[in-house]
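Here the structure comes first, spelled out in structure tokens, and everything after it is commentary.
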Amino acid sequence: MDLSVQIGSLRMKNPVTVASGTFGYGPEYGELIDINGLGAIVVKGIAMEPTMGNPTDRMFETESGLINAIGLPNPGFLGFVDKYMPFLRRHEVPVIVNIWGRTVEEYERIAKAFDTVDGVHALELNVSCPNIKEGSAMFGTCETSFRRVVEGVRKQTKLPLIPKLAPNVTDIRIFARAAEECGADAISLINSIPAMAIDIETRRPRIANVTGGLTGPAIKPVALKLVRDAASVVSIPVIGMGGISSAADALEFIIAGASAVAIGTANFVNPNTALAVIDGISTYFETHGLSAISELRGTLRS
Ligand code: RRO
């Protein structure tokens with residue numbers, strides 16, 4: 001059985017990675033699980049300069065979900081490379097760095113900076129964070145801006161490029177197609193869904209940013225539908241995510257058209273989830289006589 005997935009020059013030995021922002025920069029989970037078992041690791045978003053993120057409270061648990069408005073705190077390019085890359089280089093798991101900026105130029109700068117960093121295998125382009133005021137979300141919901149940033153970054157890096165799509169668009173297929181046409185090697189989706197919660201006693205929002213992004217099992221059916229839509233119009237690989245917490249969830253995404261999947265909020269419940277999902281996928285492939293992801297991918301029957 002060969003469960004590997006190829007994304008440009010990046011080879012994932014199995015189709016399971018983690019969602020940016022739910023797995024720190026590696027060491028936080030390295031103490032808890034064998035991160036070498038993952039198909040790839042995706043780190044929390046990095047920008048050129050360090051940032052503090054939003055004021056607290058930043059997270060609130062809802063029915064079957066979690067609202068966050070972390071606001072992209074990050075150690076900056078140099079801080080990340082100095083503090084975390086030595087740890088990541090000591091491991092054999094491929095590293096996907098999630099990058100962000102407030103302008104096309106900022107995206108281009110950070111992409112170019114990572115192009116020469118040893119041990120970085122791919123860049124995920126975060127154009128879909130719902131929680132910062134300038135930039136990010138606009139790039140993910142306006143086709144013209146989206147094309148500009150993907151094309152701009154494409155020119156700055158030879159690394160596999162994976163734009164991460166926003167769910168709150170009228171037609172996700174437009175952004176999936178645009179990503180492929182602008183030179184992306186894969187797409188990942190979905191980012192969190194804009195949401196909010198209110199404390200009725202204080203009449204205040206549950207999180208300081210007022211609104212945030214909803215993740216977790218509550219969003220899985222929405223994510224699955226969007227992954228199916230996106231996968232139906234591109235030939236580049238799709239990395240599906242949104243509420244996946246079991247192998248059965250992951251297999252649904254693969255049948256819907258995903259080549260790989262990412263575990264997000266479930267990491268907070270059980271840090272071992274991604275490794276358990278890999279085992280569960282292997283068992284399913286064995287019992288169903290399947291030997292490659294391509295034999296199951298996009299095989300949804302009518
Ligand atoms: O940091 C965040 O608040 C955040 C980001 Br960058 C993102 O892409 N998605 C999300 O739910 N939160």
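Both ligands and their constituent atoms are indexed starting at 1 by order of listing.
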Under 3.5 Å, which donor-acceptor pairs do the side chains of residues 33-48 form with other protein atoms, sequence neighbours left out?
{"from": "D34", "atom 1": "OD1", "to": "N36", "atom 2": "N", "distance (Å)": "3.1"}
{"from": "N36", "atom 1": "OD1", "to": "E92", "atom 2": "N", "distance (Å)": "2.8"}

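Remark: K155 does not engage E151 in a salt bridge, criterion side-chain N to carboxylate O under 4.0 Å.
Contact record, V234 with E180: CA-OE1, 3.3 Å, taken as the closest heavy-atom pair.
In this structure, I190 and L165 have side chains that are not in contact, with every pair of non-hydrogen atoms separated by 4.5 Å or more.
In the model, T51 has a side-chain atom that pairs as donor or acceptor with a side-chain atom of N74 under 3.5 Å.
Linking Ile, Leu, Val, Met, Phe, Trp and Tyr residues whenever their side-chain heavy atoms come within less than 4.5 Å leaves L214 and V210 in two separate clusters.
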Starting from the N and O atoms of ligand 1, find every protein N or O within less than 3.5 Å and list the pair with its distance.
{"from": "ligand 1", "atom 1": "1 (O)", "to": "K44", "atom 2": "NZ", "distance (Å)": "2.6"}
{"from": "ligand 1", "atom 1": "1 (O)", "to": "G71", "atom 2": "N", "distance (Å)": "3.3"}
{"from": "ligand 1", "atom 1": "1 (O)", "to": "L72", "atom 2": "N", "distance (Å)": "3.0"}
{"from": "ligand 1", "atom 1": "3 (O)", "to": "N68", "atom 2": "OD1", "distance (Å)": "3.3"}
{"from": "ligand 1", "atom 1": "3 (O)", "to": "I70", "atom 2": "N", "distance (Å)": "2.9"}
{"from": "ligand 1", "atom 1": "3 (O)", "to": "G71", "atom 2": "N", "distance (Å)": "2.8"}
{"from": "ligand 1", "atom 1": "3 (O)", "to": "N131", "atom 2": "ND2", "distance (Å)": "2.9"}
{"from": "ligand 1", "atom 1": "8 (O)", "to": "N126", "atom 2": "ND2", "distance (Å)": "2.9"}
{"from": "ligand 1", "atom 1": "8 (O)", "to": "N191", "atom 2": "OD1", "distance (Å)": "3.3"}
{"from": "ligand 1", "atom 1": "8 (O)", "to": "N191", "atom 2": "ND2", "distance (Å)": "2.8"}
{"from": "ligand 1", "atom 1": "9 (N)", "to": "N191", "atom 2": "OD1", "distance (Å)": "2.7"}
{"from": "ligand 1", "atom 1": "11 (O)", "to": "N68", "atom 2": "ND2", "distance (Å)": "2.8"}
{"from": "ligand 1", "atom 1": "11 (O)", "to": "S192", "atom 2": "OG", "distance (Å)": "2.6"}
{"from": "ligand 1", "atom 1": "12 (N)", "to": "N68", "atom 2": "OD1", "distance (Å)": "2.8"}
{"from": "ligand 1", "atom 1": "12 (N)", "to": "N131", "atom 2": "ND2", "distance (Å)": "3.4"}

